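Taking it in order: structure first as structure tokens, then the write-up.
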Amino acid sequence: MDLEIAGIIGRFSDAMSRGGISEVASLVKAERSRLESVTVHVAVTGTPRVGKSAFINSVMGYKDGEDGAAPTGPAQQVTKPAPYSRPGNPSSVFWELPSVRGSGFSSGDYLKAVEVDKYVGFFILSSTWFTWEVATLASELRRVGKQFYLIRTKIDLGPPGYREKEFVEYVLNVFTAGYFANLNIEYAIAHFFCVSSHQVDRFDFLECVQALQRNSSPPLQKHALLLSLHYLANKMELKDSLREFIPVSAVYSCLIDPIPIEQLPYQANVHFLYNEIRLYRVLLELDYPALRKRAKLIRRPTFVLSDEIQTTMAKMLTEKGVSEELLKWTEINVSVPHSYVKWIPFLETLPGGKLSGASTIRLLDTMLQKFTDDACRVQRKMEDVLKGE
């Protein structure tokens, strides 16, 4: 992400030199819009009748038959790529591709027809073993530099030893058949996951989505995948991605519609900061709807999870509370955290000087860290309940 952040800092500094605050303010708005408008495209393909639609619906959080969901059933066979997404900024679109099959199948022709360059990665599904068509497709994807994951679906209907070496090699047996030279069994195993699309909290469902998020590039695509699929993301990776853009939010607060705050020696857009912190709470699943949904998974009242939250603003968030927290960091003349030192030269040019940017950065950084700690406590509580502790 360093190159992306360095580019943003450079553009802000150049704008300040050319036109001062007004030009930087316009650029800050444009950068925020650019970050929020990223759309990531993901391909889902495989052999016929393996549950591609069900897999997409589970990733998107849709129930079968819900508005926006992919239609399911044996008669639903797509003949051209079909997109499915949820509203949001940034967003991800999962495309159901035509099935991989046929004696005359050509991986090169197939990828050309579905516009391979559009997608950040491919999920390749099978409900039994993987066929030679899948093997050649995987080989071609690796050759052109596209990440892919081999997904064994309907694992809840299969044998219990799905992690055992013998089972894995059985499902991937075609990868040892010599269809290609640039993809071996070890590489295939490293990209192999077993899922049940109707039990996303079991087997490898989370792991396969998180592998896509972790390995995606460029950085903004990875960031968009983490935010748009935050309910499936690894919380620490989500936090780290959000942290990178905290200075952009701090600059926004200092320049876009700031207002005087009692006892604060500079102006700030507290309403904007309130919304940023509220977004952190939603993304880390600390809001009541998310807690209620997760409590149902462990068959417990919502308070069992909400009691694990220790941060006051994660429980009760108000603009007054945000102002008081910002004032606290300002009064101690806080320094910029080490991970943000590259921003210091630009922060010094802000109307409130470095103090305004440093205090706002510290506010957002602290809330994000505390919320992440709360999210981890909630997750541990869920795991303990499922273990019967």
Side-chain angles (χ1 to χ4, degrees), residues 1-40 88-91 117 120 216-228 238-261 264-277 279-280 283 322 326 329-330 333-368:
M1 194 75 80
D2 284 347
L3 290 177
E4 180 67 40
I5 299 302
I8 293 174
I9 297 173
R11 290 191 289 275
F12 284 0
S13 298
D14 290 345
M16 185 69 79
S17 299
R18 289 193 310 269
I21 297 299
S22 61
E23 186 157 341
V24 175
S26 296
L27 184 58
V28 169
K29 288 182 178 179
E31 286 291 343
R32 286 280 303 185
S33 178
R34 183 175 71 93
L35 294 175
E36 293 173 351
S37 64
V38 175
T39 299
V40 183
N89 297 304
S91 64
D117 291 338
V120 70
S216 293
S217 62
L220 283 185
Q221 300 260 322
K222 176 179 180 178
H223 182 72
L225 269 175
L226 285 165
L227 267 61
S228 62
L238 177 60
K239 179 205 72 173
D240 290 344
S241 193
L242 286 167
R243 285 190 81 242
E244 293 283 353
F245 296 101
I246 280 178
V248 179
S249 298
V251 173
Y252 191 103
S253 169
C254 294
L255 297 183
I256 309 301
D257 301 325
I259 60 172
I261 307 297
L264 205 64
Y266 55 84
Q267 295 186 347
N269 188 332
V270 173
H271 181 69
F272 169 79
L273 294 175
Y274 164 84
N275 283 328
E276 283 294 281
I277 295 171
L279 177 63
Y280 296 163
L283 292 175
V322 172
L326 183 58
W329 289 112
T330 303
N333 196 19
V334 66
S335 60
V336 178
H338 178 73
S339 57
Y340 302 115
V341 293
K342 52 184 168 293
W343 281 89
I344 291 178
F346 177 75
L347 296 179
E348 290 174 340
T349 67
L350 295 175
K354 186 177 72 174
L355 180 62
S356 62
S359 301
T360 309
I361 286 174
R362 181 68 78 170
L363 164 69
L364 295 175
D365 189 73
T366 300
M367 289 301 103
L368 180 58

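Keep in mind that what you see is a predicted model, and the values were worked out from it rather than measured. FYI, side chains are in, hydrogens and waters are out, and symmetry mates aren't considered; it's all heavy atoms of this structure.
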**OP:** Check the pair Ile8, Trp343 against side-chain contact (heavy atoms from CB on, under 4.5 Å), reporting the backbone distance first and the verdict last.
**Re:** CA-CA 10 Å; Ile8 293 174; Trp343 281 89; 3.9 Å; yes

Output for pair (Leu35 CG, Glu4 CD), nearest 0.5 Å, gives 7.0 Å

Check: Given the rule in the side-chain contact (heavy atoms from CB on, under 4.5 Å) test, do Leu355 and Leu350 qualify, once you have shown the distances and angles that lead to the verdict?
Finding: CA-CA 9 Å; Leu355 180 62; Leu350 295 175; over 6 Å; no

By side-chain contact (heavy atoms from CB on, under 4.5 Å), Ser37 pairs with (sequence neighbours left out) none

Interatomic distance, CZ@Arg32 vs OG@Ser249, rounded to 0.5 Å, equals 4.5 Å

Note to self: Contact between Leu255 and Val24 at the side-chain level, heavy atoms closer than 4.5 Å - yes or no?
What the structure shows: yes

In short, Ser335 meets Ala358 closest at the heavy-atom pair C-CB, 4.3 Å

Quick note, side chain to side chain donor-acceptor pair (under 3.5 Å) partners involving residues 345-363, not counting sequence neighbours, are Thr330-Ser359

Worksheet item: Would you say Asp365 and Tyr340 make side-chain contact, with heavy atoms under 4.5 Å?
Response: yes

Rounded to the nearest 0.5 Å, the CG atom of Asn269 sits from the CG atom of Asp257 at a distance of 6.0 Å

Across all chains, not counting sequence neighbours, the side-chain hydrogen bond (donor to acceptor under 3.5 Å, both in side chains) partners of Thr366 are none

* To do: With the side chain counted from C-beta on, respond yes when Leu238 and Tyr280 share a heavy-atom pair under 4.5 Å apart, and no when they do not.
  => no

With sequence neighbours left out, the residues meeting ring pair (Phe, Tyr, Trp, His ring centres under 6.0 Å) with Phe346 are Phe12

Kindly indicate, with the supporting measurements, whether the criterion side-chain contact (heavy atoms from CB on, under 4.5 Å) is fulfilled by Leu326 and Ile261. CA-CA 10 Å; Leu326 183 58; Ile261 307 297; 5.8 Å; no

### Message
Within the 3.5 Å criterion, strictly below it, is a donor on Ser91 or Ser228 matched to an acceptor on the partner's side chain?
### Response
no

Applying ring pair (Phe, Tyr, Trp, His ring centres under 6.0 Å) to Tyr266 and not counting sequence neighbours gives none

Applying side-chain contact (heavy atoms from CB on, under 4.5 Å) to Pro90 and not counting sequence neighbours gives Val38, Ala224, Leu227

Looking only at heavy atoms, the pair that brings Leu347 and Gly357 closest together is CD2-CA, 4.1 Å

Rounded to the nearest 0.5 Å, the CG atom of Leu279 sits from the CG atom of Leu242 at a distance of 7.0 Å

By ring pair (Phe, Tyr, Trp, His ring centres under 6.0 Å), Phe272 pairs with (sequence neighbours left out) Tyr252

In terms of heavy-atom contacts, Ala250 and Leu364 come closest through N-CD1, 4.3 Å

Side chain to side chain donor-acceptor pair (under 3.5 Å) pairs touching residues 19-31, sequence neighbours excluded, are Arg11-Glu31, Arg18-Glu23, Glu31-Arg34

Those residues at least two apart in sequence (or on a different chain) that pass side-chain contact (heavy atoms from CB on, under 4.5 Å) with Lys239 are Met236, Arg243, Leu368, Gln369, Thr372

Nearest heavy-atom approach of Lys342 to Ile9 is O-CD1, 3.8 Å

Output for pair (Ser216 OG, Leu225 CG), nearest 0.5 Å, gives 4.5 Å

Sorted by chain and number, sequence neighbours left out, side-chain contact (heavy atoms from CB on, under 4.5 Å) with Asn275 holds for His271, Arg278

